[in-house]
Amino acid sequence: KILILDFGSQYTQLIARRLREKHVYCEIHPYNTPIEKIKEFKPRGIILSGGPASVYAPDSPKVSKELFELGVPVLGICYGMQLITYLFGGEVVRAERHEYGRAELQVLDHSDLFKGLPDKFTVWMSHGDRVLRIPEGFEPIAKTENAPYAAIRNRERKIYGVQFHPEVKHTQYGDKILENFAIEICGCEPTWTMENFIDYEIKKIRETVGDKNVICALSGGVDSSVVAALLHRAIGDQLYPIFVDTGLLRKGERESVERTFKEKFHMKNFKVVDASELFLERLKGVTDPEQKRKIIGHTFIEVFEKAAKEIPNAEFLAQGTLYPDVIESVSVKGPSATIKSHHNVGGLPERLNFKLIEPLRELFKDEVRELGRELGLPEEIIKRQPFPGPGLAIRIIGEVKPEYLKILREADAIVLEEIKKAGLYDKIWQSFAVFLPIQTVGVMGDVRTYDYVIAVRAVESVDGMTADWVKLPYDLLERISNRIINEVEGVNRVVYDITSKPPGTIEWE
Ligand code: XMP
């Protein structure tokens, strides 16, 4: 396995992605991980990531030179290469011109890092400092027009540096360079496959759990579904999945989750807790979005806790924490380096007093989907669009009333049905209906109407942080609008939200 030491580059996670695509297992840890821990990790090779700092700045993040005495190959990327240069007595200076974007790399030596690659190809640069003089024992193995030391090597000690970013897709053959480092130079075996992962995790789960029982909150979303499927394969009916019906779910959602896990997966102990009355009761009269979120969050924990207590011999709680939630991200700001570590975002509180099982801790989202497929989960779950925890409550503006929920559920079902029929569901990040508690005047037949408004929202996004509204075809919008007005009683007007994020958010509340 490969150890990636993170110096705060926005691309660090991509290094891990590229290696895993080549079936090489790797982990990301902060640059200041103690040397003892690194030894314990027993890496076959170490990669030093890029980062925003300058090596000659007094407080810049560094590593101990001991790292290079471990006898394993080291590859420094961008800042990582500058750090190697600095530590071994070379010279790094501020570049007169920052180099961002494409450059043509000319390979000078094809024997290891660039094995099997063409003489010239495009690489992606992004740096403000550059190496002026390389340390003794090092030699250049590639150059660009502006950088005579675009890649360097100390052949004897197996230390490598590249000034460009092999981990980004804009670098041609970047994945091949990382593969060469991991497999050719470090001797890693490409054994990181889903099948191996499943076997390994199942064994581990069985050993951990023994004859105790495990509970999990199953929402029907991708992560919790994959956790449940994996645990069920490992320990069968020792798994007690709990599904909380908050009364804020979409049309047919509870039934569909029940069908999948009870009937298809034969989870005998799958338990549905219908708490819709409690949630609706507590939301009565509440209009503030954050207040609604708080009430829903607390109530969920309360309901889940109560259900969990009724399960005999339960000692473990399984959760779908993913790798991006776990990585201790490094942020290097100004002269002093501060480290933020964030664990387990959005999990259930510790006071529940269960031991945690987090079998997805090492996986990225697309790996979770792949795992789900291996485990036989239906595509409808694997490709499901995100749905917020507070559910329809934040898609009804202001107070949540049963009457509004009923209208929104019907309208939302139509939006999803038409989007799916048009073949767009998988291409869109989220698509849904929002209920607006305003009445407007309309005419249906010969009768004046005074009914509510439904807003349709469809956005494209990569991670939900920024989003663009989708230019849905007019005829699709027309069908959605006609159907909602004709089929959903209480609605006489449909509008389409044409706001991007920023300045809008995806949800209306
Ligand atoms: P916004 O509305 O902030 O949403 O642009 C970004 C993404 O987060 C989801 N979202 C939530 N998910 N609890 C959740 O679990 C929440 O309170 C919540 N609010 C927004 C939203 O659906 C979108 O995918």
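Numbering of ligands and ligand atoms starts at 1, following listing order. None of the values given here were measured: they were computed from a predicted structure.
- The protein heavy-atom contact nearest to atom 23 (C) of ligand 1 is Gln430 OE1, 3.3 Å.
- Under 3.5 Å, the side chains of Asn492 and Thr449 contain a donor-acceptor pair of N or O atoms.
- For atom 16 (C) of ligand 1, the nearest non-hydrogen atom from the set Pro390, Ala467, Gly464 comes from Pro390.
- In this structure, a donor-acceptor pair under 3.5 Å is absent between the side chains of Tyr240 and Gln238.
- The protein heavy atom nearest to atom 7 (C) of ligand 1 is Ile506 CD1, 4.4 Å.
- Geometrically, Arg20 does not engage Phe364 in a cation-pi contact, judged by NZ or CZ lying under 6.0 Å from the ring centre and within 45° of the ring axis.
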Decide yes or no on side-chain contact (heavy atoms from CB on, under 4.5 Å) for Thr171 and Thr122, but give the supporting numbers first. CA-CA 6 Å; Thr171 293; Thr122 303; over 6 Å; no
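- Aromatic pair Phe261/His232: ring centres not closer than 6.0 Å.
- The proximity of Trp429 to ligand 1, defined as any non-hydrogen pair under 4.0 Å, is limited to the side chain.
- Between Glu417 and Lys420 no salt bridge is recorded (no basic side-chain N to carboxylate O distance below 4.0 Å).
- For atom 2 (O) of ligand 1, the closest non-hydrogen atom of the protein is Glu507 N, 2.8 Å.
- At the top of the distance list for atom 15 (O) of ligand 1, counting protein heavy atoms only, stands Gly389 N, 3.0 Å.
- Nearest to atom 3 (O) of ligand 1 among the protein's heavy atoms is Lys501 NZ, 3.5 Å.
- Taking the six-membered ring for Trp and the full ring otherwise, the centers of Tyr452 and Tyr404 sit less than 6.0 Å from each other.
- Annotation: Arg293 places an N or O atom under 3.5 Å from an N or O atom of ligand 1; distance criterion only.
- Of the candidates Gly221, Pro388, Pro502, Pro386, the one placing a heavy atom closest to atom 11 (C) of ligand 1 is Pro388.
- Heavy-atom contacts of Thr505 reach the following atoms of ligand 1: 1 (P), 2 (O), 5 (O) (cutoff under 4.0 Å).
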